[in-house]
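Structure, as structure tokens:
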Amino acid sequence: AGAAALRAKLEDHALPVMQSWYARLRRETSTNDACVVAAHMAFLFSEVTPETLDARALFTLLSCRAFINVHHDYDVEPLMPLPGHPPPKPRKRDWRERPPLGFAPMDVFDLWQRHLHKTLLWLEAQPEQASEMMEAVVRLLSGGESEKKKMATRQWHSMVGCDCEGRYVPDTAAAAADAKNGGGSAPSESWTVVAEREAAAAAKHGYEAWLRVRISPSTETEINVQLGELTLKRHHMRMLEREVAAHHDFTAVFGGASASSHHQCAEVRRSENRLWVRLLGTRHDVQIWAPDTRPPKALRAAMLSSAPWVSSIIEPLQASVPLLSNDLALIDVKDGHALLSMLDKELGTLKELVLTRTPPAVHVFNVVEHGRRFLRVLEYTSDCALCLGELKHGPMAVNLYPQPHWQSGDAAIPAAPKATLLISRSLTKDDPAQTFIPHRFVRGLLPEALLVDYIFWQRPDSSLYGQRKHPDDGTAGAGSEATALPPPPAAKASSE
């Protein structure tokens, strides 16, 4: 009797209070606190039995699980670096540290699994209430709770076929599949039969077409009760990988605190070398490119002897910069400047040299791949006073020729292939998409003072859009002042 009274007190008094907190936190987008409340609401029904399981308990368990899966990182897997990047420093854990949800991750996983069988049996026995529950879960996770227009409840049912039990889809998806199959009065085929037939038809066009059919979602909308996942418009909502959020290009856009924050995303497209995801609620896309091991294409070049003044500038530097003794190719030469290139065969790195005639100076750039484009990164300058960029690495030394001055950097730094992040944004439907250009690709091309106060985005016409950094965290604020700059020197693009 005492346990029953306590159970009634929790469900009739404590649960409504937590539900009000839960709704307010979701409206305020305080997702971390909302996940904590969701976990406590789910644990209110930790001890329900098949006899006491009702619609309220089941909806709480199902919706809380889906919400937590989308917005919470359980942090139980090791942090792996992106290919080509150094391993991250392991986070020190204190045994006195409380779990973020208030419950250990294994206890949360145990809660979902203990009630999974009961959940599937109840949904199968109560199809009408199951359909209303699925619609409510979709409204909750898609942000459509506040819509005043009441839409008709679709009929939801579990997909038929191997490994499909508990994967619920609405009747609109089933009707679309029937229409795709030709309709008619014949009984609907199982999802497995349809999927196998579509895969067999795609196989005639090659492996890529077959694989695309096999891994594509079967329907626009699906609730996977077994995994607690929601798929909307063929996009599966999930947490962005921590190694991506900790990438230096990602933190340059979203701030240093983003490395430890939780970012929700939905997959847009996946291919052999690229994963394209969309960050929910930010209007930003992130493309994670695999390392490109192909060498840059060699440009047509002339003999160095065709420009004597170029040799007169390089020869005095060969003693302090042995790399300049290698074979150099003359790409372009004018009266006051020249562009040269060389391939360091030992390091496997293509380098470009920018020379100015009066006053004499040499700036060495590594040519690196970024999102399947080849861009320049400043690595060395023979005269710091004549370089627009400030090198933050490498040694500094005094060069006495032709007069004392500082030289900085290391021309022999290699550029190994590594995974890259391509971040783009579309702020309004009228503005074209803009691509984030990290500072390392414009250092030496733009004054360092601009790099201190601005981050840069590139428009489709190759012009740069400078957005002033937020004074607190160095990221771009919503109302930051912006400056348009002319297109930088054209970057050489490789094939995708």
Side-chain angles (χ1 to χ4, degrees), residues 19 22 26 38 41-42 45 48 50 53-71 111-181 183-196 198 215-238 266-267:
Q19 287 174 335
Y22 184 45
R26 284 187 286 107
M41 289 195 303
F45 301 98
V48 294
L53 183 64
D54 56 10
R56 179 173 62 171
L58 187 57
F59 175 74
T60 302
L61 289 169
L62 182 59
S63 62
C64 290
R65 180 184 184 184
F67 184 86
I68 292 174
N69 284 350
V70 172
H71 296 90
L111 173 67
W112 308 141
Q113 292 304 118
R114 282 192 290 112
H115 295 303
L116 179 58
H117 183 62
K118 296 190 287 286
T119 298
L120 296 176
L121 291 178
W122 192 95
L123 293 174
E124 184 178 355
Q126 309 287 339
E128 295 297 330
Q129 295 188 60
S131 298
E132 295 179 359
M133 190 175 300
M134 299 300 167
E135 293 286 359
V137 171
V138 172
R139 289 195 299 269
L140 178 86
L141 296 180
S142 63
E145 295 175 285
S146 58
E147 294 181 359
K148 297 181 180 180
K149 183 179 179 181
K150 180 67 175 177
M151 302 184 68
T153 301
R154 297 169 292 183
Q155 293 299 315
W156 291 67
H157 59 83
S158 180
M159 297 168 61
V160 179
C162 180
D163 300 327
C164 289
E165 184 179 1
R167 296 178 59 184
Y168 277 81
V169 295
D171 52 3
T172 52
D178 289 341
K180 186 176 181 179
N181 298 335
S185 58
S188 298
E189 297 175 291
S190 68
W191 290 93
T192 302
V193 174
V194 174
E196 292 296 338
E198 292 179 350
I215 66 176
S216 297
S218 302
T219 62
E220 292 282 337
T221 304
E222 176 191 333
I223 295 179
N224 192 326
V225 177
Q226 297 222 29
L227 301 179
E229 295 178 346
L230 171 65
T231 299
L232 288 176
K233 296 182 179 180
R234 292 183 180 263
H235 295 320
H236 169 58
M237 295 188 295
R238 60 181 177 85
E267 183 176 316

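Along the sequence shown, residues carry numbers from 1. What you are looking at is a predicted structure, and each value in this text was computed from that prediction instead of being measured. Note that these values count all heavy atoms, side chains included, but never hydrogens, waters or copies made by symmetry.
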When you compare the side chain of [Y] with that of [X], does any pair of heavy atoms fall below 4.5 Å?
{"X": "Val138", "Y": "Trp156", "value": "yes"}
{"X": "Leu123", "Y": "Met133", "value": "yes"}
{"X": "Tyr168", "Y": "Glu222", "value": "no"}
{"X": "Tyr22", "Y": "Thr60", "value": "no"}
{"X": "Met134", "Y": "Leu62", "value": "yes"}
{"X": "His115", "Y": "Phe45", "value": "no"}
{"X": "Gln226", "Y": "Arg167", "value": "no"}

Nearest 0.5 Å please: distance from the [atom1] atom of [X] over to the [atom2] atom of [Y].
{"X": "Glu124", "Y": "His157", "atom1": "CD", "atom2": "NE2", "answer": "13.0 Å"}
{"X": "Glu132", "Y": "Glu135", "atom1": "CD", "atom2": "CD", "answer": "9.0 Å"}
{"X": "Ser63", "Y": "Met41", "atom1": "OG", "atom2": "CE", "answer": "6.5 Å"}

Do you know the tightest heavy-atom contact between [X] and [Y]?
{"X": "Leu227", "Y": "Asn224", "result": "N-OD1, 3.2 Å"}
{"X": "Val48", "Y": "Ala57", "result": "CG1-CB, 4.5 Å"}
{"X": "Trp112", "Y": "Ile68", "result": "CZ2-CD1, 4.3 Å"}
{"X": "Gly166", "Y": "Ser158", "result": "N-OG, 3.0 Å"}
{"X": "Val137", "Y": "Phe59", "result": "CG2-CE1, 3.8 Å"}

Practice task
Determine whether more than 12 heavy atoms belonging to other residues, nucleotides or ligands lie under 6.0 Å from atom CD of Gln19.
Solution key: yes
Fill in the blank from the handout: With His117 as partner, the option from Leu120, Leu121, Thr119 fulfilling side chain to side chain contact (heavy atoms under 4.5 Å, CB included) is Leu121
Exercise for the section: Keeping the roles fixed (side chain from Asn69, backbone from Glu229), state whether a donor-acceptor pair exists under 3.5 Å. Expected result: no
Practice task
Answer yes or no for Arg65 and Phe67: cation-pi contact, defined as NZ/CZ to six-membered ring centre under 6.0 Å and angle to ring axis within 45°.
Solution key: no
